[in-house]
Number of protein chains: 2
Amino acid sequence: MGVLPDDLACFAVHVAARELDNAYRPALRELGLTYPQYMTMLVLWDRDPQTVKELGAALRFDSGTLSPLLKRLEAAGFVTRERSTTDERSVLVRLTTRGRKLEERGKDLVAKVFSTFHYSDRDAEHLHEEMRKLVAALDEHAAEFGRGARG
Amino acid sequence: MGVLPDDLACFAVHVAARELDNAYRPALRELGLTYPQYMTMLVLWDRDPQTVKELGAALRFDSGTLSPLLKRLEAAGFVTRERSTTDERSVLVRLTTRGRKLEERGKDLVAKVFSTFHYSDRDAEHLHEEMRKLVAALDEHAAEFGRGARG
DNA sequence: CACATTTTAGTTGTGTACAACTAAGTTGCT
DNA sequence: AGCAACTTAGTTGTACACAACTAAAATGTG
């Protein structure tokens, strides 16, 4: 009769995101990281240091999410935070030796976890393409109707 | 050089879920609901009353998520909660008149929001199919490696 | 230079999510 | 009947995620 969550694509996206989180959790637990923290470390392993703003752009997190997350990474000893000397509004996030060393164990974790559920590279790429299409549509929607709207 | 979040399908799923949330937020705000609360109301509009366990199965929420959510729906005057008389472990969640009346305004909200970003019915069905495939793989993975593992 | 505007991080408050646990009720087995 | 095992909700603690706000520093304009 009525529409149920299971009938909705948007609900399925939410379920998939949560279950992906759950699938990664055991492996990440051994690194002492959550999934968003792991994504943050990936960005820093690629380039170090980076400002909070740059990290936020790469992760699509605002400061309300990123600031406390970085404080936890700092408390865990993976990063340091220091005001930029050239622009004192910015904060530079920098890997510690411990944080840099974690890359060895964290590097191929995604591929390892993804391979445990039966998802080939082709499947993953197909999934990725579908997500890119959805996110592009949502970004366009946000630009039109979102907070930055022009009327 | 390194792998970045944008290279990962799993990250794209998370981004999509969050941006879907943001896309629904303005419309849901007018109903006084969050997205998970709206999903809960959909389940109740379809069948009323239902136990917390049944709602949890339909929404894939555990009691730690659902109990406080239902308390907020109760505080907002959309549902009542009462112990089942036949099995006093169970709690029956029942729509109030106000909760039932909300269906008129909430019924076609999904279709309305989805149509504002350029997603045809065919696009949505394609997306849904891709998500079903991923969730099925994750469910299988959870059954094998998750908490209920048999070894 | 003076000062409004913008940029950058952080804080507070609300609401998911999940792990680990508790309390109470029911069922199954002998 | 008696009691262990299980089921059902709820609670506590941690961690995202976003809105709304604040504080401080930089930028732009007359």
Side-chain angles (χ1 to χ4, degrees), chain A residues 5 11 14-26 28-29 32-40 50-57 59-76 79 81-93 142 146-148, chain B residues 5 11 14-26 28-29 32-40 50-57 59-76 79 81-93 142 146-148:
Chain A
F11 180 72
H14 280 89
V15 171
R18 286 195 274 126
E19 295 208 11
L20 274 170
D21 230 13
N22 294 338
Y24 278 98
R25 202 183 312 279
L28 287 173
R29 193 190 186 84
L33 295 173
T34 64
Y35 184 82
Q37 288 168 9
Y38 176 60
M39 290 297 111
T40 306
Q50 288 191 61
T51 65
V52 173
K53 177 187 167 64
E54 288 167 334
L55 290 173
L59 296 161
R60 292 177 177 251
F61 289 155
D62 70 357
S63 69
T65 299
L66 204 43
S67 287
L69 186 154
L70 291 170
K71 276 173 78 169
R72 283 186 285 272
L73 284 181
E74 187 179 39
V79 306
R81 293 184 301 154
E82 48 178 329
R83 287 275 159 194
S84 164
T85 51
T86 60
D87 184 342
E88 292 199 14
R89 289 171 304 183
S90 296
V91 167
L92 279 169
V93 180
R147 286 183 302 173
Chain B
F11 180 71
H14 280 89
V15 171
R18 286 195 274 125
E19 296 208 11
L20 274 170
D21 231 13
N22 295 339
Y24 278 97
R25 202 184 313 279
L28 286 173
R29 193 189 186 83
L33 296 172
T34 64
Y35 184 81
Q37 288 168 8
Y38 176 60
M39 291 296 110
T40 306
Q50 288 191 59
T51 66
V52 173
K53 177 187 168 64
E54 288 166 334
L55 291 173
L59 297 161
R60 292 177 176 250
F61 290 154
D62 71 357
S63 69
T65 299
L66 204 42
S67 286
L69 187 155
L70 290 171
K71 276 173 79 169
R72 284 187 283 271
L73 284 181
E74 188 178 37
V79 306
R81 294 184 301 154
E82 47 178 329
R83 288 273 159 196
S84 165
T85 51
T86 60
D87 184 343
E88 293 199 12
R89 290 171 302 184
S90 297
V91 167
L92 280 170
V93 181
R147 286 183 302 173

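Within every chain, numbering begins at 1; the chains are lettered A, B, ... in the order of the sequence lines, protein sequences first and strands thereafter. Because the structure is a prediction, the values reported are computed rather than measured.
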> For Ser67(B) and dG10(D), is the shortest distance between a side-chain N/O and OP1 or OP2 below 4.0 Å?
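Yes.
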
> What's the NZ-C1' distance between Lys53(B) and dC6(D), to the nearest Å?
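About 11 Å, once rounded to whole Å.
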
> Could you run down the sub-3.5 Å N/O contacts of the protein with nucleotides 22-26 of chain C?
residue: dG25(C); atom: N2; partner: Arg89(B); partner atom: NH1; Å: 3.2
residue: dT26(C); atom: OP1; partner: Glu88(B); partner atom: N; Å: 3.2

> Mind checking what makes side chain to side chain contact (heavy atoms under 4.5 Å, CB included) contact with Pro36(A), not counting sequence neighbours?
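Per chain and number, Pro36(A) pairs via side chain to side chain contact (heavy atoms under 4.5 Å, CB included) with Thr34(A), Phe61(A), Leu69(A).
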
> My understanding is that only residues two or more places apart in sequence, or in another chain, count here; which of them pass side chain to side chain contact (heavy atoms under 4.5 Å, CB included) with Glu88(B)?
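In terms of side chain to side chain contact (heavy atoms under 4.5 Å, CB included), with neighbours along the sequence ignored, Glu88(B) is linked to no residue.
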
> From the options dG10(C), dT11(C), dG10(D), select the nucleotide whose nearest atom is closest to the side chain of Lys71(A).
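Shortest atom-to-atom distance from the side chain points to dT11(C).
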
> Just to be sure I understand the rule, does Ser90(B) reach a base, reach only the sugar-phosphate, or reach nothing, if contact means heavy atoms closer than 4.0 Å?
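Sugar-phosphate: the residue Ser90(B), judged by heavy atoms under 4.0 Å, touches backbone atoms but no base.
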
> Ring pair (Phe, Tyr, Trp, His ring centres under 6.0 Å) with Tyr35(B): which residues, sequence neighbours excluded?
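With neighbours one apart ignored, the set is His14(A), Tyr24(B).
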
> Would you please confirm or rule out a distance under 4.0 Å between OP1 or OP2 of dG10(C) and any side-chain N or O of Arg81(A)?
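Indeed, a polar side-chain atom of Arg81(A) lies that close.
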
> Which residues pass the salt bridge (charged side-chain N to carboxylate O under 4.0 Å, His left out) test with Arg60(B), sequence neighbours left out?
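For Arg60(B) the salt bridge (charged side-chain N to carboxylate O under 4.0 Å, His left out) partners, ignoring immediate neighbours, are Glu19(A), Asp139(B).
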
> CD of Glu19(B) versus P of dA17(D): gap in Å, rounded?
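Answer to the nearest Å: 12 Å.
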
> Under the side chain to side chain contact (heavy atoms under 4.5 Å, CB included) test, which residues partner Val91(B), sequence neighbours left out?
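For Val91(B), the residues satisfying side chain to side chain contact (heavy atoms under 4.5 Å, CB included) (neighbours in sequence not counted) are Val52(B), Arg81(B), Arg83(B).
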
> Separation of Leu59(A) atom CG from dC18(D) atom P, in whole Å?
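After rounding, the gap between these two atoms is 12 Å.
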
> Tell me, please, which residues at least two apart from Thr85(B) pass side-chain hydrogen bond (donor to acceptor under 3.5 Å, both in side chains).
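Scan of Thr85(B) (side-chain hydrogen bond (donor to acceptor under 3.5 Å, both in side chains), adjacent residues dropped) gives none.
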
> Taking C-beta and beyond as the side chain, do Glu74(B) and Val79(B) meet within less than 4.5 Å on heavy atoms?
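Side-chain contact under 4.5 Å: yes.
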
> Has Thr51(A) got a side-chain N or O lying under 4.0 Å from the OP1 or OP2 atom of dA9(C)?
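Answer yes for this pair, as a side-chain N or O of Thr51(A) is under 4.0 Å from OP1 or OP2.
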
> Do you know which two heavy atoms are closest between Asn22(B) and Arg25(B), and how far apart they sit?
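In terms of heavy atoms, the two residues are closest at OD1-NH2, 2.6 Å.
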
> Quick one: list whatever passes salt bridge (charged side-chain N to carboxylate O under 4.0 Å, His left out) with Arg89(B), sequence neighbours left out.
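Per chain and number, Arg89(B) pairs via salt bridge (charged side-chain N to carboxylate O under 4.0 Å, His left out) with Asp87(B).
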
> Give the rounded distance in Å between these two atoms: OH of Tyr24(B) and C1' of dA17(D).
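Rounded to the whole Å, the gap is 19 Å.
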
> Between the opening five pairs and the closing five pairs of the helix from dC1(C)-dG30(D) to dT30(C)-dA1(D), how far apart are the helix axes, to 10°?
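The helix from dC1(C)-dG30(D) to dT30(C)-dA1(D) shows an end-to-end axis angle of 10°.
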
> Separation of Leu28(A) atom CG from dC16(D) atom P, in whole Å?
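Going from CG in Leu28(A) over to P in dC16(D) covers 11 Å.
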
> Can you list the residues that meet the side chain to side chain contact (heavy atoms under 4.5 Å, CB included) rule with Ser67(B), with sequence neighbours excluded?
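Partners of Ser67(B) under the side chain to side chain contact (heavy atoms under 4.5 Å, CB included) test: Ser63(B).
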
> Between Leu66(A) (CG) and dA15(D) (P), how many Å, whole number?
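Spelled out: CG on Leu66(A) to P on dA15(D) is 15 Å.
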
> Rounded to the nearest 0.5 Å, how far apart are CG of Leu66(A) and CG of Leu70(A)?
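Between Leu66(A) CG and Leu70(A) CG, I get 4.0 Å after rounding to 0.5 Å.
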
> For nucleotides 14-17 of chain C, which of its nitrogen or oxygen atoms have a protein nitrogen or oxygen under 3.5 Å away, and what is each distance?
residue: dT16(C); atom: OP1; partner: Thr34(B); partner atom: OG1; Å: 2.6
residue: dT16(C); atom: OP2; partner: Gln37(B); partner atom: NE2; Å: 2.6
residue: dT16(C); atom: OP2; partner: Arg72(B); partner atom: NE; Å: 3.0
residue: dT16(C); atom: OP2; partner: Arg72(B); partner atom: NH2; Å: 3.4
residue: dT16(C); atom: O5'; partner: Arg72(B); partner atom: NH2; Å: 3.2

> To the nearest Å, give me how far apart CG (Leu55(A)) and P (dG10(C)) are.
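Going from CG in Leu55(A) over to P in dG10(C) covers 11 Å.
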
> For Ser90(B), enumerate each residue passing the side-chain hydrogen bond (donor to acceptor under 3.5 Å, both in side chains) test, keeping only those at least two apart in sequence or located in another chain.
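By the side-chain hydrogen bond (donor to acceptor under 3.5 Å, both in side chains) rule, Ser90(B) matches no residue at all.
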
